Number of protein chains: 2
Amino acid sequence: MKVLSQTSKYGIRALLYMVSHPSGSEYMSIGEIAREIDLSFHFLTKIFRELTAKGILYSYRGPSGGIALAKPASEIMLVDIVFALEGKDYFDQCLLGLPGCGHAKPCPVHDFWKDVKHDIRVHLSGTSLQHLSEKIVSEEVRLLL
Amino acid sequence: MKVLSQTSKYGIRALLYMVSHPSGSEYMSIGEIAREIDLSFHFLTKIFRELTAKGILYSYRGPSGGIALAKPASEIMLVDIVFALEGKDYFDQCLLGLPGCGHAKPCPVHDFWKDVKHDIRVHLSGTSLQHLSEKIVSEEVRLLL
DNA sequence: CATTATTCAGACAATTTTATCCGAAATAAA
DNA sequence: TTTATTTCGGATAAAATTGTCTGAATAATG
């Protein structure tokens with residue numbers, strides 16, 4: 001059941017690490033994040049370039065450079081990250097793959113699937129990085145392998 | 001949002017076509033099904049071999065051979081097809097990809113995701129081919145591109 | 001100015017998924 | 001008994017996703 005690509009999974013985990021482990025300085029280096037959450041530096045760099053292009057991160061090159069959130073963590077919702085990395089049509093797809101599945105021409109499981117997607121969307125839209133970071137900091141929950 | 005592989009999507013659609021278009025004779029040919037729902041004969045053959053191996057279908061070779069449901073359509077649930085084609089660990093995976101995510105060592109979105117998976121599982125376990133076939137036959141719903 | 005640390009850009013490779021194809025085996029029908 | 005039809009098994013190819021690597025651009029610091 002692969003609801004999110006590896007790219008999104010890594011991206012969300014990396015952003016949560018950033019928020020949960022503020023570095024004191026403005027920017028945090030990609031290398032440090034990759035090391036801490038145990039994933040490929042180069043792959044994470046690619047993901048963060050995308051998030052920078054989509055306006056979720058700022059970046060700054062050179063020594064003491066790195067990346068930083070473009071908005072307060074309380075204003076970045078999971079759905080923003082998913083849309084940035086999976087595309088804005090993320091919630092538009094039919095469970096059975098029928099093109100143009102919708103109210104007018106529904107597939108056999110359309111109504112059910114519409115409800116599931118709605119629930120997921122509501123939850124991802126209502127959950128901020130700040131919110132989840134608090135659960136991580138309080139050790140209610142884990143982020144590492 | 002790719003919840004089901006192409007394999008599962010095709011498999012479910014093909015089985016629904018079978019149930020909704022009984023052929024009179026005991027077996028229905030894979031070629032006919034592939035033609036009617038507009039997908040690759042060879043790919044569908046591969047999918048059906050798997051469903052036969054998993055006990056969801058019977059098959060019979062030779063002229064007037066083909067495949068047939070191994071049980072009444074009212075007893076084949078969507079979850080059976082998904083388990084057969086995606087694996088029995090289908091509902092075991094963490095949204096963020098953390099290995100061993102569960103009650104003891106949850107990821108930040110574990111509780112939410114557990115509920116979503118439960119809802120999906122309940123629905124797929126409660127929906128039979130017969131049930132959906134009735135919606136198709138009454139043209140409440142479509143199966144073709 | 002030289003060195004070092006960092007992101008940026010994109011080529012390349014590996015892996016997985018999806019799709020195509022061919023020949024063999026089975027079996028009904030001519 | 002021959003021929004036609006069908007599934008079976010697996011090799012191969014194509015496409016998408018995931019992961020690796022190299023060099024360039026940028027900027028702080030000695």
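Here is how names work: the chains are called A, B, and so on, in the same order as the sequence lines, proteins then strands, and each is numbered from 1. Since the model is a prediction, treat every value here as computed from it, not as a measurement.
- Formation of a donor-acceptor pair under 3.5 Å by the A/Thr52 side chain with backbone atoms of A/Phe48 is found in this model.
- Between D/dG19 and A/Tyr10, a contact under 4.0 Å exists linking OP1 or OP2 to a side-chain N or O.
- Taking only side-chain atoms of B/Ser40, from C-beta outward, the nucleotide of D/dT7, C/dT20, D/dC8 with the closest atom is C/dT20.
- Comparing D/dC8, C/dT6, C/dT18 by their closest approach to the side chain of B/Thr7 singles out C/dT18.
- Proximity of B/Lys2 to the phosphate of C/dT18: a side-chain N or O atom is located under 4.0 Å from OP1 or OP2.
- Salt-bridge formation is not detected for the pair B/Glu50/B/Lys46: no Lys NZ or Arg NE/NH1/NH2 atom is positioned less than 4.0 Å from an Asp or Glu carboxylate oxygen.
- Atom CD of B/Glu50 is separated from atom C1' of D/dG9 by 13 Å (rounded to the nearest Å).
- Interatomic distance, B/Leu85 CG to B/Ile56 CD1, rounded to the nearest 0.5 Å: 7.0 Å.
- Ring orientation note: the planes of A/Phe91 and A/Phe83 are nearly perpendicular, at an angle over 60° on the 30°/60° scale.
- Protein atom CD1 of B/Ile33 is 12 Å distant from nucleotide atom P of D/dT6, rounded to whole Å.
- Between A/Leu143 and B/Leu98, every side-chain heavy-atom pair lies at or beyond the 4.5 Å cut-off.
- The interatomic distance linking A/Leu39 (CG) with D/dG19 (P) rounds to 9 Å, in whole Å.
- Side-chain polar atoms of A/Glu86 and A/Ser5 form a donor-acceptor pair below 3.5 angstrom.
- The phosphate of D/dA11 (OP1 or OP2) has no side-chain N or O of B/Lys46 nearer than 4.0 angstrom.
- Protein atom CG of A/Leu44 is 11 Å distant from nucleotide atom P of C/dC8, rounded to whole Å.
- Contact record, B/Met1 with A/Gln93: N-OE1, 3.7 Å, taken as the closest heavy-atom pair.
- In this structure, B/Ile47 atom CD1 and D/dT7 atom P are separated by 14 Å, rounded to whole Å.
- Whole-Å rounding puts the A/Leu4 CG to D/dT18 P distance at 10 Å.
- Comparing C/dT18, D/dT7, C/dA9 against the side chain of B/Phe43 picks out C/dT18 as the nearest.
- Note: CD1 (A/Ile56) to C1' (C/dT7) measures 18 Å, nearest angstrom.
- Rounded to a whole Å, the CG atom of A/Leu51 is 14 Å from the P atom of C/dA9.
- Of the residues near DNA chain C, A/Ile30 and B/His42, the one whose nearest nucleotide (by heavy atom distance) lies more toward the 5' end is A/Ile30.
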Between N or O atoms, less than 3.5 Å apart, protein on one side and nucleotides 25-28 of chain C on the other: list the pairs.
residue : atom : partner : partner atom : Å
C/dA26  : O4'  : B/Arg61 : NE           : 3.4
C/dA28  : OP1  : B/Tyr60 : OH           : 2.5

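- In this structure, B/Pro108 and B/Leu96 approach most closely via the heavy-atom pair CD-CD1, 3.9 Å.
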For this session: Give the C-alpha distance, both sets of side-chain angles, the deciding distance and a yes or no for ring pair (Phe, Tyr, Trp, His ring centres under 6.0 Å) between A/Phe43 and A/Tyr10.
Result: CA-CA 9 Å; A/Phe43 198 23; A/Tyr10 290 164; 5.7 Å; yes
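- For B/Gln6, whose side chain is taken as the heavy atoms from C-beta onward, the closest listed nucleotide among D/dT18, C/dA19, C/dC8 is C/dA19.
- For the helix from C/dC1-D/dG30 to C/dA30-D/dT1, the rotation axes defined at the first and last 5 base pairs enclose an angle of 10°, given to the nearest 10°.
- Not a single ring pair (Phe, Tyr, Trp, His ring centres under 6.0 Å) links B/His118 to another residue, sequence neighbours left out.
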